[in-house]
Number of protein chains: 2
Amino acid sequence: MNALATIRDVAKEAGVSVATVSRHLNNKGYVSNDAKQIIEKAITTLNYAPNQLARSLTTKQTNLLGLLVPDITNPFFPELARAVERTAYEHGYTVVLCNAGETSEKEKHYIRSLQQNYAAGFIVTTNHIEADFYKKLDVPIVALDRNLSEAIPTVTSDNVLGGQLVANYLVEQNVKRILCVRGPLDIDVANDRMRGFEEIMKQHPTIQYDTIVSPFDFESAKKVTLQQLQHTRDYDAVFASSDASAIGVMKAAESLGIHIPKDVSLVGYDGINIGTLLSPELTTIAQPISLMGERATELLIALIEGQKMTAKRVVFPPKLVVRNSTTKGTEL
Amino acid sequence: MNALATIRDVAKEAGVSVATVSRHLNNKGYVSNDAKQIIEKAITTLNYAPNQLARSLTTKQTNLLGLLVPDITNPFFPELARAVERTAYEHGYTVVLCNAGETSEKEKHYIRSLQQNYAAGFIVTTNHIEADFYKKLDVPIVALDRNLSEAIPTVTSDNVLGGQLVANYLVEQNVKRILCVRGPLDIDVANDRMRGFEEIMKQHPTIQYDTIVSPFDFESAKKVTLQQLQHTRDYDAVFASSDASAIGVMKAAESLGIHIPKDVSLVGYDGINIGTLLSPELTTIAQPISLMGERATELLIALIEGQKMTAKRVVFPPKLVVRNSTTKGTEL
DNA sequence: ATGAAAGCGCTAACAA
DNA sequence: TTGTTAGCGCTTTCAT
């Protein structure tokens with residue numbers, strides 16, 4: 001009861017060799033039904049559980065999946081993480097969630113540390129690090145909501161389309177001057193969203209828009225937006241390129257006595273659950289977050305379990321979800 | 001460059017034995033300065049990193065900390081997780097974040113799985129499982145924001161006091177009828193919060209209050225609150241026993257055209273960041289979330305690294321933070 | 001101060 | 001169908 005039972009204990013208890021026990025455990029090779037029975041019994045009486053460490057040391061494989069996120073307090077990532085976690089669990093894997101934070105140093109530390117612990121693979125939603133670093137790694141990797149490199153399997157949604165959806169919608173709403181609170185310049189999905197937006201805007205030269213840059217978190221977006229609104233308040237719509245930023249924009253507006261949507265419309269991006277719980281509820285471009293997490297995990301597991309797929313890319317379509325932050329009180 | 005270098009490679013490269021390399025790596029036993037130099041050089045040229053798996057197999061120790069949370073999409077837990085993660089990182093540990101979800105089955109799976117992988121210890125913020133299960137485990141465990149058992153080191157805030165703070169504040173505000181949206185009956189911190197609240201209420205028999213039960217997530221709280229408000233709307237205050245629930249209450253109120261704080265005051269519990277980003281900003285009982293996560297992690301690490309502290313308990317004081325959900329527009 | 005060798009718990013040839 | 005045995009990469013006596 002004290003020291004954890006080993007495979008040898010089981011073998012002894014069952015009166016067979018360790019090899020037989022191992023074969024039974026892994027469903028490999030021949031094991032007679034008689035043997036299976038006895039071993040099974042021995043396992044339960046000894047309350048035996050295989051030591052994954054030892055197993056991994058031999059096989060050089062684990063059931064650990066590393067999930068790297070840039071900021072776990074941005075609600076988008078927990079939603080993603082939950083999907084990843086659920087899918088992994090269903091496939092017998094365990095997720096190691098790492099908050100890589102701001103620095104690429106920490107991100108590297110985690111990758112190194114996990115690799116040393118033989119993480120079977122990684123899902124990466126960060127991009128502090130050069131893609132080259134990942135390519136050299138020679139470990140199964142899937143990029144989620146980020147385009148790391150052509151060579152790395154990737155799951156995203158169509159961010160260009162998302163940007164277009166916003167632009168088209170705002171055009172329909174007959175908006176004249178827009179403030180874009182866009183994401184960091186080195187994040188490709190942020191660029192894509194802007195690109196889609198601008199493509200449509202080119203067709204409507206009468207509509208003006210200003211662009212300011214902000215990280216995706218609440219606080220930063222609030223601060224940056226406040227600064228901008230100090231200059232001009234002459235906007236009738238704001239396009240925040242994440243829902244988290246949109247919340248920051250909401251607060252900025254509120255503190256200046258600007259009413260949403262009466263004075264200015266607000267469109268977010270991501271489709272996180274909290275969006276429906278805000279006042280007003282947030283109009284947004286919804287990504288299929290669960291689906292994306294699920295698909296990325298399946299892809300990674302496929303990769304780990306052998307299928308050498310090269311540069312597979314999955315792109316989901318985003319959807320415009322109109323709620324109250326852009327309509328004057330009309331329920332959806 | 002391909003296969004990861006092993007300690008043997010380093011030994012060969014440096015012209016010494018593996019034992020010497022090992023001793024140098026772990027700063028144990030005598031190693032001459034000359035040897036140190038050569039080994040160091042060999043390590044860098046080979047880009048060697050020790051295999052933690054193998055190391056753990058021998059030493060039966062790891063640098064993995066398991067953090068079990070019940071629901072990662074409740075913003076309270078990411079904030080806690082971030083503190084845990086940061087502290088662990090500073091001490092050279094890596095955090096495995098597990099979303100144990102609703103079922104105790106899954107929680108057990110994770111614990112089992114992590115134990116097999118030799119997680120050095122656990123921080124548990126869930127309590128689906130009987131404390132006995134944990135006590136039998138014979139692994140360092142710290143309970144965070146939960147009282148699992150007298151025998152398990154615990155970090156919490158004073159939830160009874162928190163409940164009292166709410167009650168006293170509401171009394172001061174001259175409130176007459178209160179709705180309590182309390183947490184699950186089997187969660188002791190939820191019980192404590194209610195207990196503190198009721199202690200004060202006993203001294204004020206003219207104040208009425210109703211109590212309804214809800215899980216801590218947004219959606220549930222919204223639903224339960226809506227149901228209750230179908231019966232009576234005759235409340236002038238709501239005490240939600242988590243900030244997440246409070247958000248649900250906000251939405252419920254809004255959808256019924258009840259204005260906060262004009263028609264009814266709302267007090268939450270936890271002090272999560274989003275509270276300041278809502279409209280109105282949420283009055284709440286703030287727990288020192290970061291401090292709690294930090295302290296729990298330090299406790300666990302101390303436990304792991306030898307100090308056999310028995311039943312240590314750390315209790316932080318919570319603080320009432322008055323914001324706009326209870327004052328009619330008065331900025332703090 | 002250093003090296004040889006045993007062993008952590010498991011898997012995977014290879015024999016039998 | 002089953003057992004023997006050699007590692008996986010590392011730490012740790014025990015000699016030297």
Side-chain angles (χ1 to χ4, degrees), chain A residues 2-40 42-43 46-64 112-120 305, chain B residues 2-40 42-43 46-64 112-120 305:
Chain A
N2 272 340
L4 254 40
T6 76
I7 196 173
R8 199 138 43 208
D9 300 328
V10 176
K12 198 174 298 171
E13 173 81 14
V16 298
S17 77
V18 292
T20 305
V21 177
S22 174
R23 276 191 290 263
H24 171 64
L25 252 30
N26 299 290
N27 269 314
K28 273 185 184 171
Y30 298 99
V31 180
S32 69
N33 277 332
D34 286 3
K36 278 180 191 292
Q37 304 269 324
I38 314 181
I39 294 172
E40 234 7 270
I43 287 177
L46 263 51
N47 190 26
Y48 167 77
N51 181 321
Q52 294 291 350
L53 240 47
R55 201 202 295 255
S56 300
L57 187 59
T58 337
T59 62
K60 296 181 179 307
Q61 285 187 26
T62 66
N63 57 163
L64 250 46
R112 225 179 143 74
S113 161
L114 285 181
Q115 202 182 206
Q116 288 174 191
N117 286 289
Y118 283 160
E305 295 182 348
Chain B
N2 272 339
L4 254 42
T6 76
I7 196 173
R8 198 137 42 205
D9 300 328
V10 176
K12 198 174 298 171
E13 173 82 14
V16 299
S17 76
V18 292
T20 305
V21 178
S22 174
R23 275 191 290 263
H24 170 63
L25 251 29
N26 300 289
N27 270 315
K28 273 186 184 170
Y30 297 100
V31 180
S32 68
N33 276 332
D34 286 3
K36 278 180 191 292
Q37 304 268 326
I38 313 181
I39 294 172
E40 237 3 274
I43 287 178
L46 263 51
N47 191 25
Y48 166 78
N51 181 321
Q52 292 292 349
L53 239 47
R55 199 201 296 255
S56 300
L57 187 59
T58 354
T59 62
K60 295 180 179 308
Q61 285 187 28
T62 67
N63 58 162
L64 250 47
R112 226 180 143 72
S113 160
L114 285 182
Q115 202 183 205
Q116 289 174 190
N117 285 290
Y118 283 158
E305 295 182 348

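Here is the naming used below: chain letters follow the sequence lines, and residue numbers restart at 1 for every chain.
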Quick one: B:R23 CZ to C:dT2 P, roughly how many Å, whole number? 8 Å

Can you tell me which nucleotide in D:dC8, C:dG3, C:dT11 comes closest to the side chain of B:A19? C:dG3

Rounding to a whole Å, what distance do you find between B:N33:CG and C:dT2:C1'? 15 Å

The nucleotide from D:dG9, C:dT2, D:dG3 with an atom nearest the side chain of B:A54 is D:dG9

Looking at B:N51, I'd like to know whether one of its side-chain N or O atoms comes within less than 4.0 Å of OP1 or OP2 on D:dC8. no

On DNA chain C, more 5' by nearest nucleotide between B:S17 and B:L57 is B:S17

Without decimals, in angstroms, what is the distance between A:H24 NE2 and D:dT1 C1'? 15 Å

Give the rounded distance in Å between these two atoms: OH of B:Y30 and C1' of C:dG3. 17 Å

Going by heavy atoms in the side chains, are A:V10 and A:E13 under 4.5 Å from each other? no

Rounded to the Å, how far apart are A:L4 CG and C:dC8 P? 14 Å

Donor-acceptor contact present, side-chain B:T59 to main-chain B:R55, <3.5 Å: yes

Are B:L4 and B:N51 close enough that some pair of their side-chain heavy atoms sits under 4.5 Å apart? no

Between the CD1 atom in A:I7 and the CD1 atom in A:I39, the distance rounded to the nearest 0.5 Å is 8.5 Å

Tell me whether the OP1 or OP2 atom of C:dC8 has a side-chain N or O from B:R55 closer than 4.0 Å. no

Side-chain atoms of B:T20 come closest, of C:dG3, C:dT11, C:dC8, to C:dG3

Does the side chain of A:K60 get closer than 4.0 angstrom to OP1 or OP2 of D:dG9 through an N or O atom? yes

note: B:K28, atom NZ; C:dG3, atom P; distance rounded to Å ~ 19 Å

Can you measure A:L46 atom CG to C:dG9 atom C1' for me and round it to whole angstrom units? 14 Å

Are any of A:S32's side-chain N or O atoms less than 4.0 Å away from OP1 or OP2 of D:dT2? yes

Using atom types as modelled and distance alone, determine if a side-chain donor or acceptor of A:S56 lies under 3.5 Å from a backbone N or O of A:Q52. yes

Just the rounded figure in Å: distance from C1' of C:dT2 to CG of B:L25. 16 Å

Quick one: is D:dC10 close enough that its OP1 or OP2 comes under 4.0 Å of any side-chain N or O from B:S22? no

